[in-house]
**Student:** 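The structure that follows is given in the form of structure tokens.
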Amino acid sequence: MRLDACSIQELLRSKSKLRRQLQNHSCRDLRIAVLRGSTVNEMIEFAELFLLVEGFRCTFYQSEYNKYYEEAVLDSERIVKFRPDIVYVHTSCMNLQGWPPLSATEADHESFVAGEFSRFQQIWHSLQQNVGSHIIQNNFELPPFRVLGNLDSIAYGGRAKFVNRLNVEFANEALNDPRLFVQDVNALSAALGSRNWFDWERWYSYKIMTTPAASLALARSVTAIVRALYGRSRKCLVLDLDNTLWGGVIGDDGPENIKIGRETAVGEAYTAFQEYCLMLRSRGILLAVCSKNDEETAKQGFEHPDSVLKLSHFSAFRANWEPKHENLTAIAKELNLGIDSLVFVDDNPAERALVASQLPMVAVPDVGSDVTQFIPALEAGGYFETVRVSAEDFSRADTYAANSQRALLKSKFRDYGEYLDSLQMTAEIDAFKPVYLDRITQLTNKTNQFNLTTRRYTAAEIQKMSLDPAYITLYGKLTDAFGDNGLVSVIVGRKDGSTLHIELWLMSCRVLKRDLELAMLDELVTRAQAAGIETIVGYYYRTPRNSMVADHYRRMGFECESQDPDGGQSMWRLQLTTDYQPKRRYIQLKDLVHT
């Protein structure tokens, strides 16, 4: 079911039918409490549909109208009883109470900002203490009226200045609070425009603040944040070439005549889109090519002196005459990604329709054929939403490029062991450190294939476990002759007397078959024995995407303790002995200095 191509009118008219169709999909149950400052039924209905498409079957709770503060701080019994996974505090500038007077001085302005900010801090802190769930808090759109005109954003009594400053305070708080996530309503409303955001007739009649278009934008935005929280954001942007990355058909026009560069308006638009794609790559989104073309001819486009994108920027390249949905499947396999990690951009509506019908799990935004609308379409979809950005994100695309070099090298050796030796691998394996907590949280919530239990944890929960002596935690980083792969593996073990239960064991697929899992086990055994552990127990819980590790513990030398008849769940036991022999053969351990 694709909702991105539906108009607002179609969604409103068919929402009940769509909901019934989508309810049949395999979904994860999610409980979302909405603490509201206005009537939000329309927005919630949109969000329910979008979240169903993304694999979340949601149960919603709504506070009483404009009682968001009271239910969070003064009487939280009902929301605590609801047990939400996410609390969404949805307010607008119309809910702000502490506006400074027009005559405010600088000191007055600071005082009013502090007062209003403190009111929301009380909401967040109370929710964290009593509920302990994720919190999504929107910031604020600019006020619809500017009594001071252009001075409203400058004068200390200006409401625009007040909102801008309050938004900065919200952003700073979210940077330092791993359970608080800000929905950027300020940006959403600016993109749509104030006149298309506020609906005064509905506000005065029904206390609905937004137009249907604004409700739709809010719902898409919330959906994107929820996807990111649970590791379901897209990871790879797959691009057509002719009339998508440049104007013209390279096979007909030749590389010298394609439209790119800044000499013409059309060329500049394609250049801007390439620059946008490159920025996505710089923050960790992989780029790939899927084009009906002769491969060598297609590659010539990136030799154009004005091309921002170069061949080295792409992690996979498919230019041939095969059906595009087959090439997309091959790209996902090559990059070791789920097919639902891909976003496909093509100017040709027939190609978009074919991919959409054959691969419904691939995101196919309706970008049209006008290159100036490609970026807005991708932005509106929120496909690449993230809640945290780590150092590994900035180097991910280069890491995948290095993997291509590793694959080429592998073909030159007599056997796989000789190849692994040639990589000159070194691992850093240690207990969780504060500097890596964001990356550990991110990896925990996005890794699906090499993940034995697929448990998800918030940053706050990861931090708590890192400080709890009842847990043994390990991260693994891997470097080799081609560069630094970053932090790519995580283990969490919970002590229970002389037994250690492995609650989480995961590894990024980009370091598969490199023996890092053996090095991680060796270090886990060392630390377990030092803690007086005699037995390590591991668990496997099957999901649609982690079948590759169904036999992981057997390969690690564990014995099967119990297993469901269909193999969906199993428990494994490793009895520790004093003569345990390290299993790693090709990885050296980095010497760590502990204080």
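Just so it is clear, the structure is predicted and the values come from calculations on it, not from any experiment.
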**Student:** Side chain to side chain contact (heavy atoms under 4.5 Å, CB included), that's the test. Do Tyr586 and Leu423 meet it? Break it down for me.
**Tutor:** CA-CA 9 Å; Tyr586 304 103; Leu423 291 178; over 6 Å; no

**Student:** So, Asn546 and Thr543: side-chain donor and acceptor under 3.5 Å apart, yes or no?
**Tutor:**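 Their side chains do contain a donor-acceptor pair, which is all the 3.5 Å distance test asks for.
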
**Student:** Under a 4.0 Å N-O cut-off, is there an ion pair linking Arg31 with Asp85?
**Tutor:**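 Looking at Arg31 and Asp85, the cut-off is not met.
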
**Student:** Can you measure from CG (Leu437) to NZ (Lys464) and round to the nearest 0.5 angstrom?
**Tutor:** 14.5 Å

**Student:** Determine, step by step, whether Tyr475 and Lys433 satisfy the side-chain hydrogen bond (donor to acceptor under 3.5 Å, both in side chains) criterion, reporting the C-alpha distance in whole Å, the side-chain angles of both residues, the deciding distance to 0.1 Å, and the verdict.
**Tutor:** CA-CA 9 Å; Tyr475 70 84; Lys433 296 177 181 178; 3.3 Å; yes

**Student:** What are the two closest non-hydrogen atoms of Phe273 and Thr244, and how far apart are they?
**Tutor:**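 Here Phe273 and Thr244 meet closest at CD2-O, 3.4 Å.
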
**Student:** Are Phe314 and Phe302, when compared by the centres of their aromatic rings, separated by less than 6.0 Å?
**Tutor:** yes

**Student:** Show your reasoning for whether side chain to side chain contact (heavy atoms under 4.5 Å, CB included) applies to Glu428 and Leu589.
**Tutor:** CA-CA 6 Å; Glu428 175 185 323; Leu589 291 186; over 6 Å; no

**Student:** Are Met556 and Leu574 close enough, and set up right, to give a side chain to side chain contact (heavy atoms under 4.5 Å, CB included), and what steps lead you there?
**Tutor:** CA-CA 9 Å; Met556 295 295 102; Leu574 179 66; over 6 Å; no

**Student:** Salt-bridged, Arg527 to Asp430, with N to O below 4.0 Å?
**Tutor:**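 Yes, Arg527 and Asp430 are salt-bridged.
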
**Student:** Using side-chain heavy atoms (C-beta onward) and a distance below 4.5 Å, is Leu512 in contact with Met507?
**Tutor:** yes

**Student:** Are the side chains of Glu561 and Val537 in contact, using a 4.5 Å heavy-atom criterion?
**Tutor:** no

**Student:** Heavy atoms only: give me the nearest Asp551-Arg554 pair and the separation to one decimal.
**Tutor:** OD1-NE, 2.8 Å

**Student:** Does a salt bridge link Glu295 with Lys299, judged by any charged N lying under 4.0 Å from a carboxylate O?
**Tutor:** yes

**Student:** So which of Leu328, Val367, Leu359 actually passes side-chain contact (heavy atoms from CB on, under 4.5 Å) with Phe344?
**Tutor:**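 Exactly one candidate clears the test, Leu328.
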
**Student:** A side-chain contact here means heavy atoms from C-beta on lying under 4.5 Å apart; do Asp515 and Met425 qualify?
**Tutor:**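 Asp515 vs Met425: side chains apart.
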
**Student:** Looking only at heavy atoms, what is the nearest atom pair of Val182 and Ile225, with distance?
**Tutor:**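 Smallest heavy-atom distance, with atoms named: O-CD1, 4.4 Å.
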
**Student:** Strictly under 6.0 Å, is that where the ring centroids of His552 and Tyr540 end up?
**Tutor:**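 No; Tyr540 has its ring centre 6.0 Å or more from that of His552.
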
**Student:** Which heavy atom in Asn485 sits nearest to a heavy atom in Arg514, and how many Å separate them?
**Tutor:**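 Minimum heavy-atom separation between Asn485 and Arg514: ND2-NH2, 3.8 Å.
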
**Student:** Looking at Asp564 and Arg542, does any basic side-chain N land under 4.0 Å from a carboxylate oxygen?
**Tutor:**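 No, this pair does not count.
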
**Student:** So which of Lys292, Lys324, Arg352 actually passes salt bridge (Lys or Arg N to Asp or Glu O under 4.0 Å) with Asp240?
**Tutor:**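 It is Lys324, the one option of Lys292, Lys324, Arg352 that forms the salt bridge (Lys or Arg N to Asp or Glu O under 4.0 Å) with Asp240.
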
**Student:** Measure the shortest side-chain to side-chain distance between Ile260 and Gln274 over non-hydrogen atoms and say whether it is less than 4.5 angstrom.
**Tutor:** yes

**Student:** Answer yes or no: is there a side-chain heavy-atom contact under 4.5 Å between Phe50 and Arg220?
**Tutor:**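 Touching, per the 4.5 Å side-chain cut-off.
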
**Student:** Apply side chain to side chain contact (heavy atoms under 4.5 Å, CB included) to residues Ile250 and Asn293 and explain how you reach the verdict.
**Tutor:** CA-CA 9 Å; Ile250 194 165; Asn293 240 310; 4.0 Å; yes

**Student:** Compute whether any side-chain donor of one residue and acceptor of the other, for Tyr436 and Lys477, lie under 3.5 angstrom apart.
**Tutor:** yes

**Student:** Count the heavy atoms of every other residue, nucleotide or ligand shown that sit under 6.0 Å from CZ of Arg555, and state whether that count exceeds 12.
**Tutor:** yes

**Student:** Kindly say whether the aromatic ring centers of Phe56 and Tyr230 come within a distance under 6.0 Å.
**Tutor:** yes

**Student:** What I'd like to find out is whether the side chain of Tyr457 reaches to under 4.5 Å of the side chain of Leu504, using heavy atoms alone.
**Tutor:**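 With C-beta onward as the side chain, the pair touches.
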
**Student:** Are more than 12 heavy atoms from other residues, nucleotides or ligands located less than 6.0 Å from atom NZ of Lys310?
**Tutor:**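 Yes.
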
